[in-house]
Number of protein chains: 2
Amino acid sequence: MNEEIARKQLIDYINQKIELTPEEQFTVANAYHLHQIKKKDFFLKEDTQCKLQGFVVGGTFRVFYTDKKSLEHVLYFAFKDWWMGDIASFFDDNPTKLNAQAMEDSWILVIGREETEQLFTDVPKLERLFRIITQRTLSVLQKRFFLTVSANAEERYEELIKRHDGIEQLVPQHQIASYLGILPESLSRMKKQLMDRRMKKN
Amino acid sequence: MNEEIARKQLIDYINQKIELTPEEQFTVANAYHLHQIKKKDFFLKEDTQCKLQGFVVGGTFRVFYTDKKSLEHVLYFAFKDWWMGDIASFFDDNPTKLNAQAMEDSWILVIGREETEQLFTDVPKLERLFRIITQRTLSVLQKRFFLTVSANAEERYEELIKRHDGIEQLVPQHQIASYLGILPESLSRMKKQLMDRRMKKN
DNA sequence: AAAAAAACTTAACCCACATCAAGTAAATTT
DNA sequence: AAATTTACTTGATGTGGGTTAAGTTTTTTT
C-alpha cells in the first residue's frame, strides 16, 4: 500500500457520490495522508486531544467507549471504505472519549480538524457529501438505538448476522458481544441455546 | 402566531449560525410553511409516506418509535427552535417508522423532501449549516447510546435531569420513563427509592 | 516446541427491571 | 358536577442477562 494508491481509492469512493473536477480531486487527495496502524495500535485514544478523521483504506478497526467499570462498548466496526472519527470532540473542545483500535495491520487516510475545515472551504461540494454521509450515519445509529431499547440480545444478534453476514468470520466473538451490549459469557450461553433449539426441531 | 413571524424566527435562528444575504433569507423563509398541530395530533405518523422536515416554532413534541409489543420508545422531545424529521425515510424510500406527536397545541414550519433539495441547490450555504446540525445531533445520540448501554436507569435519570433541568415540569412522568427506556412503574418506584434515601441522609 | 496469554465455554447464583394486578389521584370529557 | 379516561403508585412475582469462578481451547510469544 502506498499513498498514491490510497488517495486514488478515496477519490474513487467520492466519485461514486459526487462529481469533482480534476483540480478538486487533486485538492482533496492531497489533503489526506496515509498512515499505517499496526494490529492493536490506536487511531483514536480516549483522553487525548487528537482531532482526526480517517478513511479506512484497508484493514479493520473497532471503535469503542470504555465505561467507568472499565468495560468496553463497541460502537461500530470500521472496514474498507468506512469513515472513522470523533465528531463529538469537533464541537466540545474536550479530549475524545472514543477509541479506534486496529484489529489487524491497517491503513487509513488521515486528515486533521483544521485541514478538514480548509478543505470544505476549498471544495464546497464536499459539504453536501459529508452532510449526506452524516445523515446516513445518524439514521443507522437511530435504528441501532431503537433495537437496543426494544429488542433482547438474541434479536439483536440475529439482526446483526442478517445485516452483516460473515461478520463472525471477521470479528472475535467477545467483540461481537461487546457490540451487542452483553458479556462474552452471555453470548456464549445464548449461542448454545440457539443450537440446542435447532437440534430439537430437527 | 402567523407565518410571517414564524419565518422571522427561523431566519433569526439561522442567522445565529451562518450569514445569509437578504435574497437568500427570502428564499429560505418562503420555502417553509406554517402548520398548526393541535395537542395529540401528529406531525409524523409511522407507516405513512410523509417526508417532511419541521422546525418547531412553538410548543412541544415527543418523537417516538413503537415496538412490536406496541410499547412506545421516546427518541427525543422537541421544543422551540428544534428540528424534527425522519432522516431514515429520506434514504430508504420506505414509509417512516417515526412518530412525532404534539404534546400541546404547537406550531411548526414545514418543508417537504423535494423542496428541501431545491433549497439546498438555491442556497448552497445551507449544506454547511445542516451538515453541522446533523453532526451535532449524531454526537448527542452517540452519547445517549453509550449511556443506555453503560449506565443503569437511575444514572440515566439523573443525567437527564442534570442536562435538561425543568423537564419534569414540561413532560409527564410516563413519557420520561419512555425516554429512559424503562416502564412507568419502574420510574415511580425508582423515584420513591431516591426520596427514601434522601430522607435517611438528613 | 514450550510457555504464556487471550478467547471461549459452562455452571451456580444474583439483581435490575419487567410483568401482572389492583389500587388512588388527577385531568378531560360530557 | 358526574362520568370517564389517563396518570401515577405500590406490591408480589418473574426473568434476561450480569457476576463469579473454574474450567478448556486457541492464538501468540519466546
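In the text below, chain A, chain B and the rest are named by the order of the sequence lines, each starting its count at 1. In this text, all values refer to a predicted model and were calculated from it rather than measured experimentally.
- Contact check on B/Arg197 versus B/Glu154 returns a salt bridge, with a Lys/Arg side-chain nitrogen under 4.0 Å from an Asp/Glu carboxylate oxygen.
- Between A/Tyr179 and A/Phe77, the ring centre distance stays below 6.0 Å.
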Under 4.0 Å protein heavy-atom contact, by nucleotide of nucleotides 18-25 of chain D - B base, S sugar-phosphate only: BBBB----
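- Contacts of A/Thr48 classified as side-chain hydrogen bond (donor to acceptor under 3.5 Å, both in side chains), with partners at least two apart in sequence or in another chain: none.
- Using a 4.0 Å cut-off, some side-chain N or O of A/Lys192 falls inside it from OP1 or OP2 of C/dA11.
- Taking the six-membered ring for Trp, A/Phe55 and A/Trp82 have ring centres at least 6.0 Å apart.
- At D/dG16, none of the side-chain N or O atoms of A/Gln193 fall inside 4.0 Å of OP1 or OP2 (strictly under the cut-off).
- B/Asp67 pairs by the side-chain hydrogen bond (donor to acceptor under 3.5 Å, both in side chains) definition with B/His73, not counting sequence neighbours.
- Side-chain contact annotation: B/Asp86 with B/Gln53, donor-acceptor N/O pair under 3.5 Å absent.
- The stretch residues 146-162 of chain A comes close to DNA chain D through A/Asn152, A/Ala153, each having a heavy atom under 4.0 Å from the strand.
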Report each atom pair, protein N/O against N/O of nucleotides 28-30 of chain C, whose distance is under 3.5 angstrom.
from   : atom 1 : to      : atom 2 : distance (Å)
C/dT28 : OP1    : B/Lys39 : NZ     : 3.2

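- In terms of the side-chain hydrogen bond (donor to acceptor under 3.5 Å, both in side chains) criterion, residue partners of B/Lys51 (sequence neighbours excluded) are, by chain and number, B/Gln49.
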